[in-house]
Amino acid sequence: MLRRLLLAVVASALVGCVPAYTPPAVAPEREPEAVNVSSGRVWDELVEWFARRNLPIRTIDRSSGLLVAEPMIVAGSFQERLPYADCGKKGYVELAPTNAIYNVLVRGDSTRATVRVNVRFSHRSQDFGSFECESKGVWERELETVIRERARQ
């Protein structure tokens, strides 16, 4: 009986030592990027961008305008990854994204198009666990800008 009581006290003390998780703030909805060139030209530049970087693609469907990349590890140091997503905090430690799934949607016609890039970031580590992140829209805007500028050339 005394042993059980002692184990219960030790277990509750240990649970109190585990830092609390603070989830990320919900990101605002983003509008697609308007491009004053054909959707075909935007699509071609998008596919070329992925091909030049040898990024693996899970789904590619020109008729629907959808390109989905395979899940990937987010490269770079903690400081380099931090601006891309809010993964919350574990205690006082800010979490950075470690994994991502990228998808792009191109819509339009022969004169105008829109491109919307979406990224689902997550944090996965043995030290802190697994958490979904909220994108800050930085990576998405960067790719949308690159695709828009290349398609206009």
J.: Given side chains that start at C-beta, do those of Ser39 and Arg107 come closer than 4.5 Å, heavy atoms only?
T.: no
J.: Mind checking the CD1-CZ spacing from Ile147 to Arg41? Nearest 0.5 Å is all I need.
T.: 10.0 Å
J.: When rounded to the nearest 0.5 angstrom, what is the spacing between CG in Leu143 and CG in Leu46?
T.: 6.5 Å
J.: Could you tell me which residues satisfy side chain to side chain donor-acceptor pair (under 3.5 Å) with Glu33, sequence neighbours excluded, listed by chain and number?
T.: Arg148
J.: Can you list the steps and then say if Asp109 with Thr111 is a side-chain hydrogen bond (donor to acceptor under 3.5 Å, both in side chains)?
T.: CA-CA 6 Å; Asp109 56 29; Thr111 59; 3.1 Å; yes
J.: Locate the shortest heavy-atom distance separating Gly76 from Arg81; write the atom from each residue and the value.
T.: O-NE, 3.0 Å
J.: Out of curiosity, Tyr21 OH to Cys87 SG, how far, rounded to the nearest 0.5 Å?
T.: 7.0 Å
J.: In Å, rounded to the nearest 0.5 Å, how long is the span from OG of Ser135 to CZ of Arg120?
T.: 12.5 Å
J.: Drop me the distance from His123's NE2 to Phe131's CZ, to the nearest 0.5 angstrom.
T.: 7.0 Å
J.: At their closest point, which heavy atom of Ala27 faces which heavy atom of Glu134, and how far apart are they?
T.: N-OE1, 3.1 Å
J.: What I'd like to find out is whether the side chain of Ile57 reaches to under 4.5 Å of the side chain of Glu70, using heavy atoms alone.
T.: no
J.: Going by heavy atoms in the side chains, are Val47 and Phe50 under 4.5 Å from each other?
T.: no
J.: Closest heavy-atom contact between Arg116 and Arg30?
T.: NH1-O, 2.5 Å
J.: Identify whether the distance between the nearest side-chain nitrogen and carboxylate oxygen of Arg141 and Glu144 falls below 4.0 Å.
T.: no
J.: Which atoms form the tightest heavy-atom contact between Thr114 and Ala34, and what is the distance?
T.: CG2-CA, 4.3 Å
J.: Thinking salt bridges, do Arg150 and Glu48 make one under a 4.0 Å N-O criterion?
T.: yes
J.: Looking only at side-chain N and O atoms, does Asp127 offer a donor or acceptor that is under 3.5 Å from a partner on Ser125?
T.: no
J.: Could you list the donor-acceptor pairs under 3.5 angstrom formed between side-chain atoms of residues 92-105 and any protein atom two or more places apart in sequence or on another chain?
T.:
from	atom 1	to	atom 2	distance (Å)
Thr98	OG1	Ser122	O	3.4
Thr98	OG1	Arg124	N	2.8
Asn103	OD1	Asn118	ND2	3.4

J.: Any idea which heavy atoms bring Trp139 and Val117 closest together, and the distance?
T.: CZ3-CG1, 3.7 Å
J.: Looking at residues at least two apart in the chain, or sitting in another chain, which of them share a side chain to side chain donor-acceptor pair (under 3.5 Å) with Arg62?
T.: Asp44
